[in-house]
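All values reported here derive from a predicted model rather than from experimental measurement. Throughout, numbering of the chain's residues begins at 1 and tracks the sequence.
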Amino acid sequence: MTNITAKPTRLNDGDDLDAFVAEHDIALVEFYTKGCAKCAAMEPVLGNVAKATDVAVGMANPGDDLDLLERFNVQSVPTLLLFRDGEVVARKSSGFQGTEAVVDFLESNAAEAVSALE
C-alpha cells in the first residue's frame with residue numbers, strides 16, 4: 001500500500017488537525033511557523049516521507065491556532081508529532097531533519113507503516 005498523498009496536507013487549525021489524525025491510524029504532523037527557514041526546508045522532506053511510507057503527513061502552523069501550542073506542548077519549530085489512533089506516541093523537535101532521519105523516526109515508532117525507501 002502506498003500513500004495516496006505525495007504532499008503534506010495543510011491543517012488550518014485544531015479542528016483540521018483533529019479530523020486529520022482521526023481519519024488516519026498513523027499520522028505525522030509537523031508544527032511550523034511562517035518565516036522559519038528550517039520549517040520551510042522540511043516541506044520537501046515531508047513530501048519524500050509521504051511518498052516513501054504509508055504514513056499520512058500533515059503540517060500545522062500553531063500561529064494560526066495558538067491553543068495548539070499549549071495542547072501539544074510545542075516549544076520550538078519545527079516539531080514533529082507522531083499520532084497513532086489519535087494519540088501522540090512520539091515527538092521529535094530537534095530542528096531540521098532529513099528524509100532518512102524522519103523515516104528512521106517513523107520506523108522506530110510505527111514500523112508497520114514504513115516501506116523501504118527506493
Side-chain angles (χ1 to χ4, degrees):
M1 184 173 148
T2 56
N3 199 335
I4 303 164
T5 325
K7 292 171 100 176
T9 301
R10 296 235 177 234
L11 309 169
N12 295 317
D13 55 26
D15 291 340
D16 276 4
L17 188 146
D18 291 341
F20 182 75
V21 299
E23 187 179 318
H24 303 283
D25 293 340
I26 297 175
L28 177 68
V29 176
E30 178 203 21
F31 287 85
Y32 73 97
T33 56
K34 289 182 176 91
C36 165
K38 290 179 182 178
C39 301
M42 286 293 300
E43 190 166 354
V45 168
L46 296 173
N48 291 338
V49 170
K51 290 175 197 166
T53 70
D54 290 332
V55 176
V57 179
M59 298 173 63
N61 181 348
D64 294 336
D65 186 344
L66 294 177
D67 290 339
L68 293 173
L69 291 172
E70 187 174 323
R71 187 172 155 203
F72 294 105
N73 193 27
V74 175
Q75 298 180 7
S76 64
V77 290
T79 291
L80 299 174
L81 295 182
L82 183 63
F83 293 83
R84 180 188 302 270
D85 300 324
E87 299 295 321
V88 176
V89 295
R91 154 188 309 263
K92 190 168 192 74
S93 54
S94 45
F96 175 81
Q97 302 292 310
T99 302
E100 205 170 303
V102 176
V103 170
D104 288 347
F105 169 70
L106 294 174
E107 283 178 338
S108 298
N109 297 286
E112 72 281 2
V114 179
S115 54
L117 280 175
E118 298 182 28

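Both Phe20 and Leu81 sit in one connected hydrophobic cluster of ILVMFWY residues. Membership requires side-chain heavy atoms under 4.5 Å apart, directly or through other members. Val49 and Val88 fall into different hydrophobic clusters, where Ile, Leu, Val, Met, Phe, Trp and Tyr residues are linked whenever their side-chain heavy atoms come under 4.5 Å apart, directly or through other members. Linking ILVMFWY side-chain heavy atoms closer than 4.5 Å, directly or via other members, places Val29 and Val89 in two distinct hydrophobic clusters. The hydrophobic clustering, which links ILVMFWY residues whose side-chain heavy atoms are closer than 4.5 Å, places Met59 and Leu66 apart.
Put simply, NE2 on His24 and CG on Asp54 are 12.0 Å apart, with the number rounded to the nearest 0.5 Å. With values rounded to the nearest 0.5 angstrom, Lys38 atom NZ is found 11.5 Å from Thr33 atom OG1. The CG atom of Leu17 sits 6.0 Å away from atom CZ of Arg71, with the distance rounded to the nearest 0.5 Å. Here the straight-line distance linking atom CG of Asp64 with atom NZ of Lys34 works out to 4.5 Å at 0.5 Å rounding. A distance of 4.0 Å separates CD in Glu112 from CD1 in Ile26, rounded to the nearest 0.5 Å. Here Arg91 contributes atom CZ and Leu82 contributes atom CG; the two are 11.5 Å apart, rounded to the nearest 0.5 Å.
In this structure, the side chains of Asp25 and Asp85 come closer than 4.5 Å at one or more pairs of heavy atoms. In this structure, Val74 and Leu68 have side chains that are not in contact, with every pair of non-hydrogen atoms separated by 4.5 Å or more. Under the 4.5 Å side-chain criterion, counting only non-hydrogen atoms from C-beta, Leu80 is in contact with Leu46.
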Step by step, would you call Leu28 with Thr53 a side-chain contact (heavy atoms from CB on, under 4.5 Å)?
CA-CA 11 Å; Leu28 177 68; Thr53 70; over 6 Å; no
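Listed here is the closest heavy atom pair of Glu30 and Pro78: OE2-CB, 3.3 Å. Smallest separation of non-hydrogen atoms from Leu11 and Gly58: CD1-CA, 4.1 Å. Closest of all the heavy-atom pairs between Phe96 and Met42 is CD1-SD, 3.7 Å. Nearest heavy atom pair, residue Glu107 against residue Val114, reads CG-CG1, 3.5 Å. Between Val77 and Phe31, the closest heavy-atom pair is CG1-O, 3.5 Å.
Applying the salt bridge (charged side-chain N to carboxylate O under 4.0 Å, His left out) test to Glu43 and every residue at least two apart in sequence or in another chain returns Arg10.
Partner of Pro62 under the side chain to side chain contact (heavy atoms under 4.5 Å, CB included) criterion, chosen from Asp13, Leu69, Asp67, Thr79: Leu69.
Using the six-membered ring where Trp is involved, Phe83 and Phe72 have ring planes that are perpendicular, over 60° apart on the 30 and 60° scheme.
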